[in-house]
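What follows is a short report on a single structure.
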Amino acid sequence: MMIRRLPFVALAAALSLSVASCSSSTSGASSVPDAGVSEKAQQALDEIKGQVLSKGPNGETPSPASAADLTPEDIEKVKALNATAAIVMHYGGNDWATAQVNGLKSEFEQLGIKVIATTDANFKPDKQVSDIETVMTQEPDIIVSIPTDPIATASAYKKAAEAGTKLVFMDNIPQGLTAGQDYVSVVSADNYGNGVVSAHQMAKALGGKGKIGLVFHQADFFVTKQRYDGFKETITKEYPDIQVVEEKGIAGPDFAGDAQAAANAMLSKYPDLSGIWAVWDVPAEGVMAAARAAGRQDLKIATEDLGKNVAIALAKDELVVGLGAQVPFDQGVTEARLGAGALIGKEAPAYVALSALPVDHSNVLEAWKQVYHEDAPKDIQDSYKK
């Protein structure tokens, strides 16, 4: 690599200048990008569209969202029930959660199902157990939820199932519960695929060469593990000239703050760091803050989930080079339909997954509309660099 060919004195001077001035001309780039590798990465991104690479929590083969479709006759039967539903979230602190809830509420309204509670556990298992117990006093016909911890929350979900409530899960399932018996189905994005997408985007931006760090979710959480696996396996197997030099886990609840601290440490330890991957958009915001504080506008950041702040960065073509987006509104619609179908005895697949959506500067405005079913906010549109 170029930096290794410098004499010791010149190398020391270059690194000194990098730390002192934090200029993009001396920081981060450790080798000449390979345009051919960037083209290979783009080809991989084009080929992944519409595919689902993930398996379910128990290794299930994914079924498409169309498996949840209801006929007009089905819908009339559901409406006649005057059913109720509760939404029990792991936390509501990002655009993904808001879109999930909006999709659920929109579809439940179409189906004549009243949403009687929406809760936010702030990623605390004991709070979520309390939320489930409180919600169950209202005897909902359906609970749509995402477990904060598959073990700590399992007994609470099991009691709800035994009481006759139809459970539909987002992304993750509690330990010991069985599809078709204790719960209806689990609906997920292609989280492994999202990790793969962000790996190709990182490789494309780096030209297949450089040192990178990873900020992962330090928790027993199925979907974030899949993202990590998808990213790291793709980088390791397909881009051998990209070196993962540091990995740091964050446990929250201050995910942006924790990620900023992790990125600060990486940038200090490795002045020639070329990029950092963050497990979703909120940690990526922390990485962006660290990069700006260090004067590292050249740092390449890849992530998952199309939150507003990373969308603005993509629109400006600054720091964030790309991400794998979920379609949380559509996931919410699918979850609502599965719950409604279960009320009238329809069978459901154990695992439903929706494909990853590659997003970069070129398509961020169109992607926002696809993800959220509305035009990008004015500040994102105004930020777009043509």
Discussion item. Side chain to side chain contact (heavy atoms under 4.5 Å, CB included) for Gln100 and Gln331? Distances and angles first, verdict last.
Written reply: CA-CA 7 Å; Gln100 276 268 3; Gln331 288 169 233; 3.1 Å; yes

Discussion item. Using the rule given for side chain to side chain contact (heavy atoms under 4.5 Å, CB included), can you reason through Phe221 versus Val223, listing the C-alpha separation, both sets of side-chain angles and the distance that settles it, and then say yes or no?
Written reply: CA-CA 6 Å; Phe221 208 63; Val223 297; 3.6 Å; yes

Worksheet entry | Criterion side chain to side chain donor-acceptor pair (under 3.5 Å) on Asn194 and Glu304, from CA distance to verdict | CA-CA 6 Å; Asn194 272 309; Glu304 280 79 33; over 6 Å; no

Fill in: Residue pair Glu246, Lys269: steps toward the salt bridge (charged side-chain N to carboxylate O under 4.0 Å, His left out) verdict
CA-CA 9 Å; Glu246 190 84 12; Lys269 186 176 180 180; 3.2 Å; yes

Practice prompt. Could you walk me through whether Lys248 and Met266 pass side chain to side chain contact (heavy atoms under 4.5 Å, CB included), step by step?
Written response: CA-CA 9 Å; Lys248 289 188 176 293; Met266 291 181 188; 4.0 Å; yes

Item to complete: Kindly determine whether Asp229 and Lys225 satisfy salt bridge (charged side-chain N to carboxylate O under 4.0 Å, His left out), including the steps that lead there.
Response: CA-CA 6 Å; Asp229 289 343; Lys225 286 182 177 179; over 6 Å; no

Item to complete: Please test Gln42 against Lys204 for side chain to side chain donor-acceptor pair (under 3.5 Å), starting from the C-alpha separation and ending with a verdict.
Response: CA-CA 7 Å; Gln42 182 58 55; Lys204 178 185 174 183; 2.4 Å; yes

Discussion item. Side chain to side chain donor-acceptor pair (under 3.5 Å) for Asp330 and His373? Distances and angles first, verdict last.
Written reply: CA-CA 9 Å; Asp330 292 344; His373 289 232; 2.5 Å; yes

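Using a 4.0 Å cut-off between charged side-chain N and carboxylate O, Glu60 and Lys55 make no salt bridge. With respect to Lys232 and Glu247, a salt bridge is recorded, a charged nitrogen being found less than 4.0 Å from a carboxylate O. Taking a cutoff of 4.0 Å between a charged side-chain nitrogen and a carboxylate oxygen, Lys166 and Asp141 do not qualify as a salt bridge. Under the 4.0 Å criterion applied to side-chain N and carboxylate O atoms, Asp305 and Arg227 are assigned as salt-bridge partners.
Within the 4.5 Å cutoff, no side-chain heavy atoms of Lys237 are placed close to those of Thr234. Residues Val359 and Leu357 have side chains in contact (heavy-atom distance under 4.5 Å, counting atoms from C-beta outward). For the pair Asp171 and Val186, the minimum side-chain heavy-atom distance is 4.5 Å or more. Taking the side chain as every heavy atom from C-beta outward, Glu233 and Tyr192 approach each other to under 4.5 Å. Side chains of Ile142 and Leu343 form a contact here, defined as non-hydrogen atoms less than 4.5 Å apart. Contact of the Ile173 side chain with the Pro150 side chain is not registered, since no non-hydrogen atoms from C-beta on lie closer than 4.5 Å. Within the 4.5 Å cutoff, no side-chain heavy atoms of Val115 are placed close to those of Leu104. In this structure, Met202 and Phe231 have side chains that are in contact, with non-hydrogen atoms separated by less than 4.5 Å.
Under the 4.5 Å side-chain heavy-atom criterion for Ile, Leu, Val, Met, Phe, Trp and Tyr, Met136 and Val144 are members of distinct hydrophobic clusters. Under the 4.5 Å side-chain heavy-atom criterion for grouping Ile, Leu, Val, Met, Phe, Trp and Tyr, Val333 is not connected to Ile344 through any hydrophobic cluster.
In terms of heavy-atom proximity, Asp182 sits nearest to Leu177 at OD2-CA, 3.4 Å. Heavy atoms only, all atoms of each residue included: Val321 and Leu314 are closest at C-CD2, 3.9 Å. The heavy-atom pair separating Pro140 from Thr84 by the smallest distance is CA-OG1, 3.3 Å. Considering every non-hydrogen atom in both His200 and Ala41, the closest pair reads O-CB, 3.3 Å. Contact detail for Arg337 and Glu107: the closest heavy-atom pair is NE-OE2, 3.0 Å. Annotation for Thr148 and Ala121: closest pair CG2-CB, 4.1 Å, computed over non-hydrogen atoms.
The number of heavy-atom neighbours closer than 6.0 Å to NZ of Lys158, taken from other residues, nucleotides and ligands shown, is above 12. Atom NZ of Lys40 has more than 12 neighbouring heavy atoms from other residues, nucleotides or ligands inside a 6.0 Å radius.
Within the 3.5 Å criterion, the main-chain N or O of Ala376 finds a donor-acceptor partner in the side chain of Gln381. Side chain of Asp120 to main chain of Gly92: a donor-acceptor pair is present (N/O by atom type, distance under 3.5 Å, no hydrogens or angles). Looking only at distances, no side-chain donor or acceptor of Asp34 sits under 3.5 Å from a matching main-chain atom of Gly208. Using a distance-only test at 3.5 Å, with no hydrogens or angles considered, no donor-acceptor pair links the side chain of Ser106 to the main chain of Gly103. Asp74 places a side-chain N or O within 3.5 Å of a backbone atom of Thr71 that can act as its donor or acceptor partner. Using modelled atom types, one side-chain atom of Asp149 and one backbone atom of Ala152 make a donor-acceptor pair closer than 3.5 Å. A donor-acceptor pair under 3.5 Å is formed between the side chain of Thr303 and the backbone N or O of Ala278. Within the 3.5 Å criterion, the main-chain N or O of Ile212 finds no donor-acceptor partner in the side chain of Lys300. With hydrogens and angles ignored, the 3.5 Å screen pairs a side-chain donor or acceptor of Arg296 with a backbone N or O of Leu273. A donor-acceptor pair under 3.5 Å links the side-chain atoms of Gln51 to the main chain of Glu47, judged by distance alone.
Aromatic ring centroids of Phe255 and Trp280 lie under 6.0 Å apart. Here the two rings, on Phe169 and Tyr157, have centers that are under 6.0 Å apart. His217 has its ring centre less than 6.0 Å from the ring centre of Phe123.
Tyr372 does not carry Lys308 over the face of its six-membered ring by the limits of under 6.0 Å from the centre and within 45° of the normal.
Side-chain polar atoms of Asp190 and Ser54 form a donor-acceptor pair below 3.5 angstrom.
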